[in-house]
Amino acid sequence: MINIVLFGKPGAGKGTQAEFLKEKYNLTHLSTGDIFRYNMKNDTALGREAKGYIDNGDLVPDSVTIKMLQDEVDKNLDSKGFLFDGFPRTLAQADALDAFLKTKNWEVTATIALEADDNILVQRILERGKTSGRIDDQDEEKIRNRYEEYNEKTAPLMNYYKEQNKFHAVNGIGSIAEITERLSAVIDKL
Ligand SMILES: Nc1ncnc2c1ncn2[C@@H]1O[C@H](COP(=O)(O)OP(=O)(O)O)[C@@H](O)[C@H]1O
C-alpha cells in the first residue's frame, strides 16, 4: 500500500502528472477538484453546495470536503494505494486524513510537491481557461484569490509533512515526461 499526496499550487500540473502516475503505480487517483466538478456538472446536492465557493476561487468548507473524500476512499477499499490530488488543502483536512487512514491501518506514505513560479502558473491557468470551461480559470482576480487561499491555508501543510519526514519537492518546470521522471525517482525510493 502506498499513499501519495500530490501537492502544489493551482496550475502546478498535479492533474496532468496524476494521469501518468496512477497507471505506472496502479494507484486510485482521487482529485477533489475533479469530483467537485463532476458533481457540479450533474447538479447534485454536493455540486450545488460547492459551486459558489469554487467559482470564486475560495476553498470549499472542510466538513463538506472531508466527508466527500472519505466516501471516495470507502468506495475503493480494495485499492493498492491512493494518489490524493488537491487534498489535503488545510491542516484540518490533513489531520482528518491521517486519522481516517489510521482507522484502516494505512497512512500517508509521502507528500510530493510540484514547484513552480507563481507568474508562470497564472499564465498557464489563463491559457487553460480558454478551453477548460472552468469559471475559476478565466478571471485573473479569482486566480489570485486561489493563490491567497493556498498561501494562507495550504502552504502550512509543507511543515506538517516535513515534521513527519514525509515531504519531498520536485521541480515542476520542464516537459511532462521529464516531470513524471522526477516524480517517479522519488516514488521508487519510498
Ligand atoms: N481539498 C479541498 N478543500 C477545499 N476546496 C477544494 C479542495 N479541493 C478542491 N477544492 C475546490 O475546488 C477548486 C478547484 O480545485 P482543483 O481542480 O484542485 O484546482 P487547482 O487548479 O486550483 O489546483 C478549488 O479552488 C476549491 O474551490
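Start at 1 and go down the list; that is how both ligands and their atoms are numbered.
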inquiry  = So for ligand 1, is V60 a polar contact partner (N or O within less than 3.5 Å, distance only)?
reply    = yes
Measuring from non-hydrogen atoms of R37 to any atom of ligand 1, is the shortest distance under 4.0 Å? yes
CH2 (W106) and CG (L77) are apart, to the nearest 0.5 Å, by 5.0 Å
- Query: For D85, is at least one N or O under 3.5 Å away from an N or O on ligand 1?
  - Reply: no
Has R128 got any heavy atom lying under 4.0 angstrom from an atom of ligand 1? yes
If you scan protein heavy atoms around atom 11 (C) of ligand 1, the nearest is I54 CG1, 3.8 Å
Closest to atom 26 (C) of ligand 1 by heavy-atom distance, out of T90, T65, D58, N56, is D58
Honestly, for K153 the part within reach of ligand 1 (heavy atoms, under 4.0 Å) is neither
Going by the 4.0 angstrom heavy-atom rule, the piece of K14 near ligand 1 is side chain
The ring pair (Phe, Tyr, Trp, His ring centres under 6.0 Å) partners of F87 (sequence neighbours excluded) come to none
Here the pair of heavy atoms bringing R182 nearest to N171 is NH1-O, 2.6 Å
Salt bridge (Lys or Arg N to Asp or Glu O under 4.0 Å) filter on D118, not counting sequence neighbours, yields K9
